[in-house]
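Letters A, B, ... mirror the listed sequences (proteins, then strands); counts begin at 1. Because the structure is a prediction, the values reported are computed rather than measured.
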There are 2 protein chains.
Amino acid sequence: MFSKACEYGIKACIFIAINSYEGKRVSPKEIAEEINSPQAFTAKILQALVRHKVINSIKGAYGGFEVSKYEIKNIKLSQIVKAIDGDNIYNGCGLGLEKCDENHPCPVHDKFKVVRDELKLMLENTSLEELALNIKSGASFLKT
Amino acid sequence: MFSKACEYGIKACIFIAINSYEGKRVSPKEIAEEINSPQAFTAKILQALVRHKVINSIKGAYGGFEVSKYEIKNIKLSQIVKAIDGDNIYNGCGLGLEKCDENHPCPVHDKFKVVRDELKLMLENTSLEELALNIKSGASFLKT
DNA sequence: TTTATTTCGGATATTTTTATCCTATTTATA
DNA sequence: TATAAATAGGATAAAAATATCCGAAATAAA
Ligand code: FES
Ligand code: FES
């Protein structure tokens, strides 16, 4: 469904959010340990998220990754997915036709569109805040 | 969403079904042309579908790929997807945890499961027959 | 039985994704 | 200003997915 990079990206954002609530910046090393991902690869994904302005980075001593405490509830899963995997999953054809087009649909278009749109809606309606709170409360987990 | 291999596999099955209604067997060459896919790679995918008993192959002169005319309505999209991409898309965790487990859920589990289950249901309820008829009637397309 | 046709399957090549490594640049503090 | 701590980013490696090639095996018909 999502690429490995995207899975790591989502989990990383959640961990960053949790720490940002407490004013703490985190490093790729800490993140990778917490979400069980390869560190250097995770660092690359974080760079991409910074470029797309999903998270911030502060360079130099006492730096790290963070996200504005007041923005956490406004950041949606869809932004993270779009930053890393692009928007093919939202708009692309389920059978790989050049583009999904009502006027030139693939055989599964009608049925696929329903599912794809629901996925899109789910990602757009899910905030980093609720995912982070979910982890903090111990109701869900980032690894194993 | 689906792998390239799976996209080709689904389209190939539809084309085979259409021809099987008319008692005609088709070759990887014809299939690849009709669905706009690399021929040799498509042949490999057809082999996998044969191994999983989704379609039949007849070797030798006047051979080719076919599917029992009376089975077309019983073959579901889910069988094709499962044969090629496995069942991770049905059962796997959206964030890549080892397994999707109610008792050790990832942060998106609850919301992801809803979408994943709907996808599963859609694939299980969509038959090769309806897809083939859809193409025959000119209502949908296999390429461009 | 020979021949032409066709799938099967192993070997290999290419491309994309995933992962690692190393150096440059930035920045807070001593 | 010097130093240590961090991210940025380029180069490279490894693994997986996609794609190609070719000979072996099977089969129908001449
Ligand atoms: S054309 Fe294939 S999903 Fe819309
Ligand atoms: S645990 Fe992640 S989807 Fe169920």
Side-chain angles (χ1 to χ4, degrees), chain A residues 1-13 15-16 19-20 23-33 35-67 81 83-86 88-89 92 95-96, chain B residues 1-12 16 19-20 23-33 35-67 81 83-86 88-89 92 95-96:
Chain A
M1 183 77 81
F2 307 118
S3 68
K4 277 281 167 209
C6 192
E7 292 174 0
Y8 297 152
I10 293 169
K11 290 191 270 193
C13 285
F15 181 65
I16 293 167
N19 281 276
S20 291
K24 275 185 0 201
R25 294 169 185 161
V26 287
S27 66
K29 181 155 182 289
E30 292 174 88
I31 296 169
E33 273 164 13
I35 72 176
N36 199 32
S37 67
Q39 179 183 327
F41 187 48
T42 304
K44 290 279 188 243
I45 296 160
L46 294 168
Q47 281 179 36
L49 288 168
V50 169
R51 272 198 302 276
H52 284 86
K53 302 185 195 303
V54 177
I55 58 177
N56 309 93
S57 67
I58 288 86
K59 285 191 208 171
Y62 291 78
F65 295 90
E66 62 174 26
V67 53
V81 172
I84 302 174
D85 279 354
N88 199 280
I89 200 164
L95 293 187
Chain B
M1 182 80 79
F2 306 118
S3 68
K4 277 280 166 212
C6 192
E7 291 175 1
Y8 298 152
I10 293 170
K11 291 192 269 194
I16 293 167
N19 281 275
S20 291
K24 275 183 4 199
R25 292 168 187 162
V26 288
S27 66
K29 183 156 181 289
E30 293 174 87
I31 296 169
E33 273 162 13
I35 72 175
N36 198 33
S37 68
Q39 180 183 326
F41 187 48
T42 306
K44 289 279 188 243
I45 297 159
L46 293 169
Q47 281 180 35
L49 289 167
V50 169
R51 270 198 302 276
H52 283 86
K53 300 186 196 304
V54 177
I55 59 177
N56 308 95
S57 68
I58 288 88
K59 284 190 207 172
Y62 292 78
F65 295 89
E66 62 174 26
V67 53
V81 172
I84 301 173
D85 279 353
N88 199 279
I89 199 163
L95 293 188

- Task: Take A/N88 and B/M1 through the side chain to side chain contact (heavy atoms under 4.5 Å, CB included) test and state the conclusion after the steps.
- Result: CA-CA 9 Å; A/N88 199 280; B/M1 182 80 79; over 6 Å; no
- Task: Measure the spacing between NE2 of A/H52 and CD of A/Q47 and express it to the nearest 0.5 Å.
- Result: 12.5 Å
- Do you know which of A/N19, A/I55, A/I58, A/V26 makes side-chain contact (heavy atoms from CB on, under 4.5 Å) with A/E66? A/I58
- From CA spacing to verdict: side chain to side chain contact (heavy atoms under 4.5 Å, CB included), B/L46, B/I16: CA-CA 10 Å; B/L46 293 169; B/I16 293 167; 3.8 Å; yes
- A/Y8 meets the ring-ring contact (aromatic ring centres under 6.0 Å, His included) criterion, sequence neighbours left out, with A/F41
- Message: Rounding to an integer number of Å, can you tell me how far A/Q39 CD sits from D/dA6 C1'?
- Response: 12 Å
- Item | Value rounded to 0.5 Å, distance of CD1 in B/I89 from OG in B/S3 | 9.0 Å
- Under the side-chain contact (heavy atoms from CB on, under 4.5 Å) rule, collect the residues that match up with B/A43, sequence neighbours excluded. B/P28
- Query: For A/K59, which residues count as a side-chain contact (heavy atoms from CB on, under 4.5 Å) partner, sequence neighbours excluded?
  - Reply: none
- Item | First and last nucleotide of DNA chain C, 5' to 3', lying under 4.0 Å from heavy atoms of chain B | C/dT5 to C/dA11
- Taking it one step at a time, do A/F2 and A/I84 satisfy side chain to side chain contact (heavy atoms under 4.5 Å, CB included)? CA-CA 9 Å; A/F2 307 118; A/I84 302 174; over 6 Å; no
- Just by protein heavy atoms under 4.0 Å, how would nucleotides 25-30 of chain D read 5' to 3' in B, S and -? -BBSS-
- Task: Would you mind checking if B/E7 and B/K11 are paired as a salt bridge, meaning a charged N to carboxylate O distance below 4.0 Å?
- Result: no
- Check DNA chain C against residues 40-55 of chain A and give the residues with a non-hydrogen atom under 4.0 Å, in numerical order. A/A40, A/F41, A/K44
